[in-house]
Protein chains: 4
Amino acid sequence: MRKRLINYKIIEHLTTVFTARVKFNEADPLGIVWHGNYIAYFEEGREAFGREHGLSYLDIYANKFTTPIVNVVSDYKFPLKYGDVYTIKTHILNCPSAKIIHYYEIFNQEETLVCEGQTTQAFVDLEGDLSLYAPDFYEEWKNKVNFK
Amino acid sequence: MRKRLINYKIIEHLTTVFTARVKFNEADPLGIVWHGNYIAYFEEGREAFGREHGLSYLDIYANKFTTPIVNVVSDYKFPLKYGDVYTIKTHILNCPSAKIIHYYEIFNQEETLVCEGQTTQAFVDLEGDLSLYAPDFYEEWKNKVNFK
Amino acid sequence: MRKRLINYKIIEHLTTVFTARVKFNEADPLGIVWHGNYIAYFEEGREAFGREHGLSYLDIYANKFTTPIVNVVSDYKFPLKYGDVYTIKTHILNCPSAKIIHYYEIFNQEETLVCEGQTTQAFVDLEGDLSLYAPDFYEEWKNKVNFK
Amino acid sequence: MRKRLINYKIIEHLTTVFTARVKFNEADPLGIVWHGNYIAYFEEGREAFGREHGLSYLDIYANKFTTPIVNVVSDYKFPLKYGDVYTIKTHILNCPSAKIIHYYEIFNQEETLVCEGQTTQAFVDLEGDLSLYAPDFYEEWKNKVNFK
């Protein structure tokens, strides 16, 4: 019944690693990172991916699109505590439809997998209309980075 | 491939309605509520549910358990903007295992469904050990509220 | 050396009271509300003030101005804990220059003063230029509400 | 009337520089960093200071004290936008009483000063009592780092 987080093939050469430190205000009264903050961690990973591979929010916006999140899944395995250093591996999945699907793995400093997640983004033009086809700039990006 | 958000029966008489207003700092540069903030909205709904039905975090803690979130799914349908008033309907699903599964529907002031979500919580004792069986207090709570 | 938080006269009939409940994710590993979250509480109070007295962000924006915060002071007296219910009393100070200065008092459910604060806002037009004089709409608002 | 942010001498050799990038969810509907988020930036700076100079939250906690924030002041000069890279210079002020006072300067990538701030922390023991004298461990730390 659990959603398979890797529902399309991972494109191995398009992976970005980002490392940061848990902040005091991200931990909750139990002393562990509040579960909602992992959604911001996924965004940190996705933005690092965008900067490395030329698919940032600002790149997309320059092409007159935004890519709002339409689905998030987060699977929590092990807590992160204040002071921990975490590493996010952000992948992109080979989804054929007009969507961007990222898959995330977050590890602590002992390399324990603490969280897995997935986000799905749609393409929306600046009038706010959902694009049923992937925009040209995205197809060109796929060619350039050998997305397949 | 999408996870079915209602994977067990909704227990109709255990539903809580909570209404609040979108805050300025919850909206992002696109002028809409940042997707990660819905995880906090689910928590608002879940806590209102706990207060109404006697299953709050503090009730659970008084029974020497915590119920960390082990899975979150959020499905975004329509944006909320700064100034909107939203209503969260929080349900509980009839899950037979040692888990608490909530299902959420969030509506705007026009009663448009803007977001659906699900959270799964496990039972962990104060030593940090996962409970494979639902604790006694939870079974008693189920009897008391006619959970079936 | 401490900044006097009431550096102009309080206009007594322009006070707004707003009550809310501390959320789980607002508390930190010490079990108390993280100090940065009071800035959002001040905003809750200020927005309730704006709705009650006709000076909301959207009212201001309709007059082609924004009022960015240029100064915040927060003085912490006593902790708020998860589960506490707090009340914000938002006042406006009789400042003669082109600024909006609010003064805030936050109380817990035992009516203990837990925090005092002040925010200062400037008027900026939609080209981003700071207004050295209070805009006409603000002078009209002051007359309407008997601000003196 | 404005609080002087440098009310004691800066101890020049105890300064820490920390650089980070504005995140998407830190910007508000005006496209600029929401003012409350600078309180978290001050904390980033303060924690980097603590790690560099041996005065972190965990160091203090190991000595059976916490140092809650009792006062924050933030003075906003210029907006930060999504995508900007900011640098926090965190200083400590030579305050003779049982307080820790930090002074912060935040710069954007063009080295424009965007924000100045100050935080004051008190010493509280694990029973929750305010310490009227600086604890021994703090006096020892001051000697070790040549705080004067």
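In what follows, every chain begins at residue 1, and chains take the letters A, B, ... in the order their sequences are listed.
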Q: For residues C/P68 and C/V124, report the shortest heavy-atom separation together with the two atoms involved.
A: CG-CG2, 3.6 Å
Q.
Nearest 0.5 Å, please: how far is CG in C/L5 from CD1 in C/I101?
A. 11.0 Å
Q) Can you name the nearest heavy-atom pair linking B/C115 to B/F42, along with the distance? A) SG-CZ, 3.9 Å
Q.
Under the rule for side-chain contact (heavy atoms from CB on, under 4.5 Å), what residues qualify as partners of C/P29, not counting sequence neighbours?
A. A/F24, A/A27
Q. What closest approach, in Å, do C/A122 and C/V70 show between heavy atoms, and which atom pair accounts for it?
A. CB-CG1, 3.9 Å
**Q.** Shortest non-hydrogen contact from C/I60 toward C/L55
**A.** CD1-O, 3.9 Å
List, with distances to 0.1 Å, the donor-acceptor pairs found between chain B and chain C - the cut-off being under 3.5 Å and no angle criterion applied.
{"unit_1": "B/K23", "atom_1": "NZ", "unit_2": "C/E44", "atom_2": "OE2", "d": "3.3"}
{"unit_1": "B/E44", "atom_1": "OE2", "unit_2": "C/K23", "atom_2": "NZ", "d": "3.3"}
{"unit_1": "B/E47", "atom_1": "OE2", "unit_2": "C/Y82", "atom_2": "OH", "d": "2.6"}
{"unit_1": "B/Y82", "atom_1": "OH", "unit_2": "C/E47", "atom_2": "OE2", "d": "2.6"}

